[in-house]
Every structure is written in structure tokens, then in C-alpha cells.
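One structure below.
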Amino acid sequence: MARLIAPDVSYHSSWLEGAGDFNGTRQDGAGAEDWPLEDLRDPQTFGRFVDWLVKDALPESPRNPAHVPCTYLWIVEGGTFLGSLAIRHELTDFLLNEGGHIGYSVRPSARRRGHAAKALADALPIARELGITRVLLTCDEDNFGSRGTIEKNGGVYEDSRNGKRRYWIDNA
């Protein structure tokens, strides 16, 4: 059964396989935007990446001024990396309109098996512990899989903005 864990260097090989599975498409919730995949093949660079992911949850950690503290988690099953999930501790204007509190992605070869729905369900208590009692999730208008994942977890559709459907989950 898949579970959420803190990023861990022991998943280096499997993480690289999973990243390759995306074939250059965006990995929502991965935190890897500023880390070239080629650089992450190096174990030391990957270690710095994992350390950065873990520390990003701390308010005092250095970050891009447009970003907020974020708890990064990995979806794993046994020794296999299946995907990423990010819990953003607060909302900027962009996150309020398009990004939401939680972003996630499951590697293409592991989709349609309920991993995203379980990961989101497992992330909600963590968000609650962070003080997020009303969770905003968004997805592209045409992402029917993500719509189903959000709705399965109690997401209530509010509106669409800039091609993104916005849902709220009562997490009190």
C-alpha cells in the first residue's frame, strides 16, 4: 500500500526513474523546478535537493520571495517512488487563484490505481496540523483524473479561474 514519507535520499534511483517517467512534463508538488534533472543524477546534488525539500517547511528557510513555506512529501510503495505532494502553508494571490494549498502528481506508469486519492486523504490531517482548516485545491479544467481525486476527498467546486477549477475541502 502506498504511503506518504518525507523526502529521503535512499529513493534516489527510484526518484530518477519516476522523474524520467514524466518525460519532461511538469511534476506538480515535486519542488524540482530549479533543479535540472541531469544535475540530480549526482548523489551529492540529490542529497542537497532532499535537504532543501525538507527544510522548505521551516518559515525561516531561505526561499524565492514569491514562494511560501511548503511541506514536501513523497508517495512511495515499498522501495518505489510513485509521486510527489506539496502542502503550501499559506496562500499567495497566485496560489489563491490557480495553485491551491496542495499540489500532487503521480508518475504516469503508476496512475489510475488510487495513489493520488490516498495521498490526498493522507495529507489532509497533516495540513490540519499545520493549521489549514479549509484546504484549496485546483486542477486544470480538462484534468478529469484530478477532478475525481479532489471530489473523492470531499472537494466542493467553487469556480474556475484562468483555466483552473477551484475546490475547497473543509478540514476542521
Side-chain angles (χ1 to χ4, degrees), residues 2 4-7 15 18-19 21-37 40 49-50 52-75 81-108 110-111 115-172:
L4 291 176
I5 65 163
W15 189 94
D21 208 358
F22 283 90
N23 200 24
T25 60
R26 179 171 163 72
Q27 297 178 58
D28 289 326
E33 296 81 21
D34 297 329
W35 297 83
L37 183 57
L40 291 172
F49 168 62
V50 166
W52 177 84
L53 289 175
V54 171
K55 288 182 178 173
D56 199 50
L58 304 173
E60 66 273 10
S61 290
R63 69 182 46 83
N64 177 319
H67 295 171
V68 299
C70 184
T71 297
Y72 289 99
L73 300 164
W74 287 352
I75 307 164
F81 170 85
L82 301 175
S84 301
L85 184 140
I87 304 171
R88 300 167 193 112
H89 299 190
E90 48 195 77
L91 296 175
T92 62
D93 285 340
F94 171 78
L95 294 174
L96 178 64
N97 288 298
E98 296 182 41
H101 283 107
I102 298 177
Y104 53 84
S105 58
V106 172
R107 63 193 280 181
R111 291 181 182 160
H115 297 308
K118 182 178 183 324
L120 179 54
D122 291 348
L124 290 172
I126 298 167
R128 190 177 317 109
E129 287 174 18
L130 292 167
I132 306 169
T133 56
R134 200 161 172 251
V135 178
L136 175 65
L137 290 115
T138 68
C139 66
D140 291 338
E141 286 284 355
D142 61 354
N143 188 339
F144 298 103
S146 196
R147 284 167 71 170
T149 293
I150 295 167
E151 291 168 0
K152 194 177 294 183
N153 277 282
V156 176
Y157 176 74
E158 179 177 68
D159 62 13
S160 292
R161 300 179 187 177
N162 303 319
K164 301 284 186 182
R165 293 178 65 87
R166 298 172 66 252
Y167 292 86
W168 290 94
I169 296 176
D170 182 9
N171 198 36

Run V50 and W15 through side-chain contact (heavy atoms from CB on, under 4.5 Å) and show every step you take. CA-CA 11 Å; V50 166; W15 189 94; over 6 Å; no

If you take all heavy atoms of [X] and [Y], which pair is closest and at what distance?
X: L82; Y: A2; answer: CD1-CB, 3.9 Å
X: G103; Y: R88; answer: N-NH1, 3.5 Å
X: F81; Y: S84; answer: CZ-OG, 3.4 Å

State which residues pass salt bridge (charged side-chain N to carboxylate O under 4.0 Å, His left out) with D159; sequence neighbours excluded, sorted by chain then number.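 Scan of D159 (salt bridge (charged side-chain N to carboxylate O under 4.0 Å, His left out), adjacent residues dropped) gives R161, R166.
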
Name all residues meeting the salt bridge (charged side-chain N to carboxylate O under 4.0 Å, His left out) criterion together with D140; count only those two or more places apart in sequence or in a different chain, and write none if there are none.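 Salt bridge (charged side-chain N to carboxylate O under 4.0 Å, His left out) list for D140, sorted by chain: K164.
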
Under the salt bridge (charged side-chain N to carboxylate O under 4.0 Å, His left out) rule, what pairs show up with a residue in residues 55-69, not counting sequence neighbours?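 Residue pairs passing salt bridge (charged side-chain N to carboxylate O under 4.0 Å, His left out), neighbours aside: D51-K55, D56-R63.
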
Please table the atom pairs, donor to acceptor, closer than 3.5 Å between any side-chain atom in residues 64-75 and protein atoms at least two apart or in another chain.
{"from": "N64", "atom 1": "OD1", "to": "A66", "atom 2": "N", "distance (Å)": "2.7"}
{"from": "T71", "atom 1": "OG1", "to": "H89", "atom 2": "NE2", "distance (Å)": "2.7"}

Looking at Y157, I'd like to know if the NZ or CZ of R165 sits under 6.0 Å from its six-membered ring centre while staying within 45 degrees of the ring's axis.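 Verdict for Y157: a cation-pi partner in R165.
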
Distance in Å, [X] [atom1] paired with [Y] [atom2], rounded so as to fall on 0.5 Å steps:
X: Y104; Y: I87; atom1: OH; atom2: CD1; result: 13.0 Å
X: S61; Y: L53; atom1: OG; atom2: CG; result: 11.0 Å
X: H115; Y: T149; atom1: NE2; atom2: OG1; result: 11.5 Å

Find out whether E151 and Y167 are in side-chain contact, i.e. whether some heavy atom of one side chain is under 4.5 Å from a heavy atom of the other.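 A side-chain contact exists here, since the closest heavy-atom pair is under 4.5 Å.
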
Flag side-chain contact, heavy atom, 4.5 Å: F144 against C139: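 No, too far: nothing below the 4.5 Å cut-off.
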
Without swapping roles, check the side chain of [X] against the backbone of [Y] for a donor-acceptor pair under 3.5 Å.
X: S160; Y: G163; result: no
X: D21; Y: N23; result: no
X: R107; Y: A19; result: no
X: T25; Y: F22; result: yes

Run the side-chain donor-acceptor check on residues 130-138: report pairs under 3.5 Å with partners two or more places apart or on a different chain.
{"from": "T138", "atom 1": "OG1", "to": "E98", "atom 2": "O", "distance (Å)": "2.6"}
{"from": "T138", "atom 1": "OG1", "to": "G99", "atom 2": "O", "distance (Å)": "3.4"}

For the residue pair H101 and W168, categorise the inter-ring angle as parallel (less than 30°), tilted (30 to 60°) or perpendicular (more than 60°).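 If you compare the ring of H101 with that of W168, the planes turn out perpendicular.
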
Listed once per pair and sorted, the side-chain hydrogen bond (donor to acceptor under 3.5 Å, both in side chains) pairs that draw on residues 116-128, sequence neighbours left out: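 Qualifying pairs, neighbours excluded: K118-D122, R128-N171.
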
Let me know which of I150, L85, N153, I126 forms a side-chain contact (heavy atoms from CB on, under 4.5 Å) with I102.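 Checked I150, L85, N153, I126 against I102; only one passes side-chain contact (heavy atoms from CB on, under 4.5 Å): L85.
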
